[in-house]
Amino acid sequence: MFKKEMKFNTKTIHGGQITEKGYGAVMPPIYQTSTYSQSSPGKHQGYEYSRTHNPTRHALESSLASIENGQFGLAFGSGLAAIDAVLKLFKPGDEIISTNDLYGGSYRLFTKIFEKYGLKFHFTDMQNVTNVEALINVKTQMIWVESPTNPMMSIVDIKALSKIAKANEILLAVDNTFATPFLQKPLDLGADIVMHSATKYLAGHSDVVLGALVTDNKKISDQLYFIQNASGAICGPMDSFLALRGIKTLHVRMARHCENAKKIAFFLESHTKIEKVFWPGFKSHPNHEIAKNQMTDFGAMISFTTKGNNYEEAIRVVENLKIFTLAESLGGVESLAGHPASMTHASIPKDQRELSGVVDSLIRLSVGIEDAEDLIEDLKQAIG
Ligand SMILES: *Cc1c(COP(=O)(O)O)cnc(C)c1O
């Protein structure tokens, strides 16, 4: 795309954007239309039918590509619809290697839908990349990565995995929802596909559900555009507009998210009733150095456990929170708290989720952009 040389903050606002031709609207209008007039059969102005193309969605897709340093962006009706499109690149018998502490919805899509169609998934701890290498065979087609992982905030070395993927001629896809391109650019680190639940930080205001894919590979993008149109899991013009508007403030929101999260992480770490805090910014985090290398800051997602690993105690804490809202999701301007074992990760069997650390006392915070002092006071009174 044009203006590739722009810096990140400029890209969030201008990347891939053109001034609207009709009236010079600075913000792309919401083209709430399903179809477009043709002067003669097949003669049109670039748009025929909105499943295939829509100008508002196109503006968003160009923005997505620009901020992730890729050439091709695709927007979908949800993050899971975006992952669904990636999985349709494959055929029965193909194998995919994934992280074991994966977003619960991705795990459900993999095991409950696509296993039925003959794809085979391996789940492993990717903090040690040799675990991944050990699972590769002739049927392996893709490595699916989250970093930081949800909700344990493990860090996976994307560059190291991209070397393994390239050596074995398989694809590397990264779910970049937690980090966003403000903190981490998987394509620059060697990934082939970046995926987002734009529902989270990209849109950023808890008002839209939307998914995204970005790639720099023409062949993959052609296949993905084909799937997007053929399967039809697109997002509407209004949602595209909201996500695009969100992206324009991504950099300022992320900076404040990270600043607040740092204060909260250190507060929790010093609290006598807290057992363990999971946040990649701590020097004691097992992959802190990798996080430092592949991210520009440590993100605003924090998980922690209360002492004694007591289910009731964790429930009491999340119920007592007043500014943090108890809710699924993350990445909005408002702070949210969640209890993964009973909420986001309830679809993963208990023995399996405990293997990756999702114990009953685990609480996950999505730190918002309120005043950090108020957030800390809220946690103080809730923990007691
Ligand atoms: C929310 C989320 C998804 C799924 O996205 P939806 O927009 O809810 O479909 C995938 N991966 C991660 C890491 C998420 O947080």
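Since the model is a prediction, treat every value here as computed from it, not as a measurement. Values below: every heavy atom of this structure, side chains too, minus hydrogens, waters and symmetry copies. Counting starts at 1 for both ligands and their atoms, following the listed order.
K200 forms a cation-pi arrangement with Y103, by the criterion of a distance under 6.0 Å to the ring centre and an angle within 45° of the ring axis.
Of the protein's heavy atoms, Y103 CE2, 3.3 Å lies nearest to atom 3 (C) of ligand 1. Remark: minimum distance from atom 6 (P) of ligand 1 to any protein heavy atom is reached at G79 N, 3.3 Å.
Polar contact check, D175 against ligand 1: a nitrogen or oxygen pair lies under 3.5 Å apart. For ligand 1, the polar-atom distance check finds an N/O of T199 within less than 3.5 Å of one of the ligand's N/O atoms. In terms of N/O distances under 3.5 Å, ligand 1 is approached by K200.
Salt bridge status for R316 with E319: absent, with no side-chain N to carboxylate O gap under 4.0 Å.
Not a single heavy atom of T344 sits under 4.0 Å from any atom of ligand 1.
With a 4.5 Å cut-off on side-chain heavy atoms, H53 and Y36 do not count as touching. Residues H285 and F298 are not in side-chain contact: their nearest non-hydrogen atoms beyond the backbone lie 4.5 Å or more apart.
Contact atoms of ligand 1 toward S78: 7 (O), 9 (O) (distance under 4.0 Å to a heavy atom of the residue). Every atom of ligand 1 with a heavy atom of L330 under 4.0 Å away is listed here by number and element: 15 (O).
M153 and F278 get closest at one heavy-atom pair: CG-O, 3.3 Å. Listed here is the closest heavy atom pair of I220 and L171: CD1-CD2, 3.6 Å.
At a heavy-atom distance under 4.0 Å, atoms from both the backbone and the side chain of L80 approach ligand 1.
No option in D175, D101, N176 other than D175 meets the side-chain contact (heavy atoms from CB on, under 4.5 Å) test with E146.
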